[in-house]
Structure formats: structure tokens, C-alpha cells
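Take a look at the structure below.
The basis for the numbers below is simple: all heavy atoms, side chains too, and nothing from hydrogens, waters or symmetry mates. Bear in mind that the values here come from a model prediction, so they are computed numbers and not experimental data.
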Amino acid sequence: GFPEQRITFVKSITAFSELIVPDPGIVISKHGFLGHVQSLQQAFLGACREAQESKPRSGAVYLSRSKLSPDKRIIIGEEHIERYLSSCGVGILYPETLALRDQIHALRSYETVIGYVGSAFHNLFFCEPGVNAIYLCANPPIKTYHIIDEMLGVNGVFVNDSKAGGIDGFSYVHLHNEPILPDFTKLFDFFESIGFSGERPKRDDKQLLAEFMGHWQRNVCQTLFGKLNQTTTRAQKESMKNKIPKLTQALENNIRLMA
């Protein structure tokens, strides 16, 4: 990075004869600039000795969300996914429990990275081209992931495994704390179709569905109506009100699943 003496923090109104504002490195769902990514890679990898170590990639790792706080988006029954993948010899990584350099060092040692679409995958920026990524989704992912894969040479596969997600399900209200209820049978069938072989754990689907419904109503509904009350502009209020019919439909779908 830049030496500290070249950085000035502007704390008051200041006039400049010339000001250069660079384009963003990535514009969500639109485009990205490889040069920005390469600069980021060079800056970090140059400062991280562990990440510079070159060793053959092998095996697969699953990026778990199970240790995140309950107000975040959770994967209902994620322990069953962890148990199954562990029996297949897949490593389990909890990114938020590691320092950034340790996360990157760990990811660079694996040939395949598995997980639910989210910011943990952004650390693929620091992996060598050719890494495999299996993105598990409850909705069609935003184009940014495809853009990043193309820029970095990531072999990405997107799998919609959600029993209660997608266009006709629950995850179309687009809040950051919506839970995901996996279709475990579909998910394990997929893993076995690409060569994984493990023991499918026993589970109580009714209990998982009840947990999903409780989390959805408790966290998502409170968040949505709380945001509606906190909005200040007319446009914000209209935007939030437009989500109410979707929320109502989602709850009706939820009840049908419980039947």
C-alpha cells in the first residue's frame, strides 16, 4: 500500500486545484475492472507472507454460516450439511472466527470452495485462477458473482437447493436476515452427482420447517415492519409498502408448506 506519509486525512473544508476520483473496482451487477482487482491482490499478498506460500491445492472446504449471530441470514439445519460434507472428507471453515489473512491463507489451499452465496466468497479475489466454487442459492444470484468468476478465472457452479426460496418461495422480499431452508435431498443428490460420497444424517423435517417458520416470522417480519416505521421519505415508504404483499404471500406459502 501507500506509505503513511503520503496519506492525508481531510478533516475540514478544503479547496483542491485538481482532484482525481477513480472509477469503482466493481459496480454491482454491471461490470468490474481487472486492474483494480490485481492492484488489490498485489497489495495484500505482498503484505501477507503466509498467502505468498505456493503449494498444490487439494480437497474441498465448506464456508459455514452456523456460527453467525441469529439476527443474520441463517441456514436452517446447516449442521446436517456440515455433518454430511465432513463424512465426505470436506473441511468446514467458519470465516468470521478467523483473521482476514488466515481466511485467505486457508482458501488458497483448497481446490474447491462450497457455500451459500455471500460475502465470504469475496476472498476468492486472492486465490489462484482455476479454483472451483460451488455456490448454493435460494434465489438466482446477482450478476456480480458471474462477473467476479469471469475476471478471476473461477470455475463457478450455481445450485438452487432451497425448499423455501426462489421466485415462488420466501426469499424474494430481499432482506439480509431471511433464513434459508435447504432441500436436503436435492442438495445431497447434487453432491453425489459430482463424486462426493458420505453418510446422509437423519433429520426431522417437520421440526426444521417449524424452526424456519418461527425464524422467518420473528426476524424477517419484525425487520420489515420496523424499517417501514423508520423510513422518512415518501419514496422509501412506498418501496417498503410494496414489499408487504410479497411478505403476505410468503407467509401463506409458509403455512401451505407446514400443512
Side-chain angles (χ1 to χ4, degrees), residues 1-9 21-75 78-79 81-82 85-86 90-137 141-158 176-178 180:
F2 292 106
E4 188 174 343
Q5 59 268 25
R6 291 188 58 193
I7 301 173
T8 300
F9 293 95
V21 180
D23 290 327
I26 291 180
V27 179
I28 292 177
S29 295
K30 291 187 176 180
H31 54 255
F33 298 96
L34 183 58
H36 287 250
V37 174
Q38 290 173 333
S39 297
L40 185 63
Q41 291 171 332
Q42 293 169 4
F44 183 84
L45 296 178
C48 182
R49 183 178 304 172
E50 296 89 347
Q52 295 177 35
E53 298 175 359
S54 179
K55 60 180 181 179
R57 294 183 304 220
S58 63
V61 65
Y62 174 72
L63 305 179
S64 174
R65 300 178 62 89
S66 64
K67 292 188 182 298
L68 291 174
S69 61
D71 62 324
K72 306 296 184 184
R73 175 174 292 157
I74 67 170
I75 314 302
E78 189 172 20
E79 67 276 9
I81 300 174
E82 293 181 15
L85 290 175
S86 291
V90 174
I92 309 296
L93 189 68
Y94 306 96
E96 71 281 2
T97 67
L98 301 174
L100 178 59
R101 66 175 57 207
D102 294 330
Q103 293 180 40
I104 294 171
H105 180 54
L107 286 186
R108 285 171 62 86
S109 66
Y110 289 101
E111 185 176 14
T112 301
V113 180
I114 308 166
Y116 280 85
V117 164
S119 58
F121 274 102
H122 296 341
N123 285 337
L124 294 180
F125 274 121
F126 305 102
C127 293
E128 297 292 335
V131 65
N132 304 311
I134 298 176
Y135 301 96
L136 307 179
C137 316
I142 60 175
K143 294 179 181 178
T144 304
Y145 290 93
H146 298 281
I147 293 169
I148 292 174
D149 286 355
E150 185 175 351
M151 280 198 304
L152 301 180
V154 174
N155 302 315
V157 175
F158 295 84
H176 291 295
N177 63 347
E178 293 170 274
I180 294 175

Can you tell me how far apart [atom1] ([X]) and [atom2] ([Y]) are? Round to the nearest 0.5 Å.
{"X": "Ile180", "Y": "Leu136", "atom1": "CD1", "atom2": "CG", "result": "9.0 Å"}
{"X": "Ser39", "Y": "Leu34", "atom1": "OG", "atom2": "CG", "result": "9.5 Å"}
{"X": "Leu63", "Y": "Gln103", "atom1": "CG", "atom2": "CD", "result": "9.0 Å"}
{"X": "Cys127", "Y": "Leu152", "atom1": "SG", "atom2": "CG", "result": "9.0 Å"}

- Between Arg65 and Arg73, is there a donor-acceptor pair closer than 3.5 Å when you use the side chain of the first and the backbone of the second?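 Yes; judged by distance alone, with no hydrogens or angles, the pair exists.
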
- Task: Please confirm whether the backbone N or O of Gly118 pairs with a side-chain atom of Tyr145, one donor and one acceptor, at under 3.5 Å?
- Result: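 Checked: pair present.
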
[X]: what forms a side chain to side chain donor-acceptor pair (under 3.5 Å) with it, not counting sequence neighbours?
{"X": "Glu82", "answer": "Ser64, Ser66, Tyr94"}
{"X": "Tyr135", "answer": "Asp149"}
{"X": "Thr144", "answer": "none"}
{"X": "Ser69", "answer": "Asp71"}

For [X] and [Y], work out which heavy atoms get closest and say how close.
{"X": "Ile114", "Y": "Val90", "value": "CD1-CG1, 4.5 Å"}
{"X": "Cys137", "Y": "Tyr116", "value": "N-CD2, 4.4 Å"}
{"X": "Ala120", "Y": "Leu107", "value": "O-CD1, 4.4 Å"}
{"X": "Thr97", "Y": "Lys67", "value": "CG2-CD, 4.1 Å"}
{"X": "Tyr110", "Y": "Val131", "value": "O-CG2, 4.0 Å"}
{"X": "Asn155", "Y": "Gly130", "value": "ND2-O, 3.2 Å"}

- Message: Can you pull out every salt bridge (Lys or Arg N to Asp or Glu O under 4.0 Å) where at least one residue sits in residues 112-132? Sequence neighbours excluded, please.
- Response: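 Non-adjacent pairs meeting salt bridge (Lys or Arg N to Asp or Glu O under 4.0 Å): Arg108-Glu128.
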
- Message: Check the orientation of His31 and Phe33. Use parallel for under 30°, tilted for 30 to 60°, and perpendicular for over 60°.
- Response: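 Taking Phe33 first and then His31, their aromatic rings stand perpendicular (interplane angle over 60°).
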
Contact check, side chains of [X] and [Y], non-hydrogen atoms, under 4.5 Å:
{"X": "Ile148", "Y": "Ile26", "answer": "yes"}
{"X": "Ile142", "Y": "Ile28", "answer": "yes"}
{"X": "Thr112", "Y": "Val61", "answer": "no"}
{"X": "Val113", "Y": "Leu124", "answer": "yes"}

- Item | Verdict with reasoning, Val27 to Ile147, per side chain to side chain contact (heavy atoms under 4.5 Å, CB included) | CA-CA 10 Å; Val27 179; Ile147 293 169; over 6 Å; no

- Message: Test of understanding: with salt bridge (charged side-chain N to carboxylate O under 4.0 Å, His left out), list the residues that count as partners of Glu111, not counting sequence neighbours.
- Response: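 Per chain and number, Glu111 pairs via salt bridge (charged side-chain N to carboxylate O under 4.0 Å, His left out) with no residue.
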
- Message: When you compare the side chains of Glu78 and Tyr62, does any donor N or O come within less than 3.5 Å of an acceptor on the partner?
- Response: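 Result is yes, a qualifying pair exists.
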
- Query: Just wondering, more than 12 heavy atoms not from Glu96 lying within 6.0 Å of its CD?
  - Reply: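 Yes, the 6.0 Å shell around CD holds more than 12 heavy atoms from other groups.
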
- Message: One pair to check against side chain to side chain contact (heavy atoms under 4.5 Å, CB included): Asn132 and Val154. What are the steps and the verdict?
- Response: CA-CA 6 Å; Asn132 304 311; Val154 174; over 6 Å; no

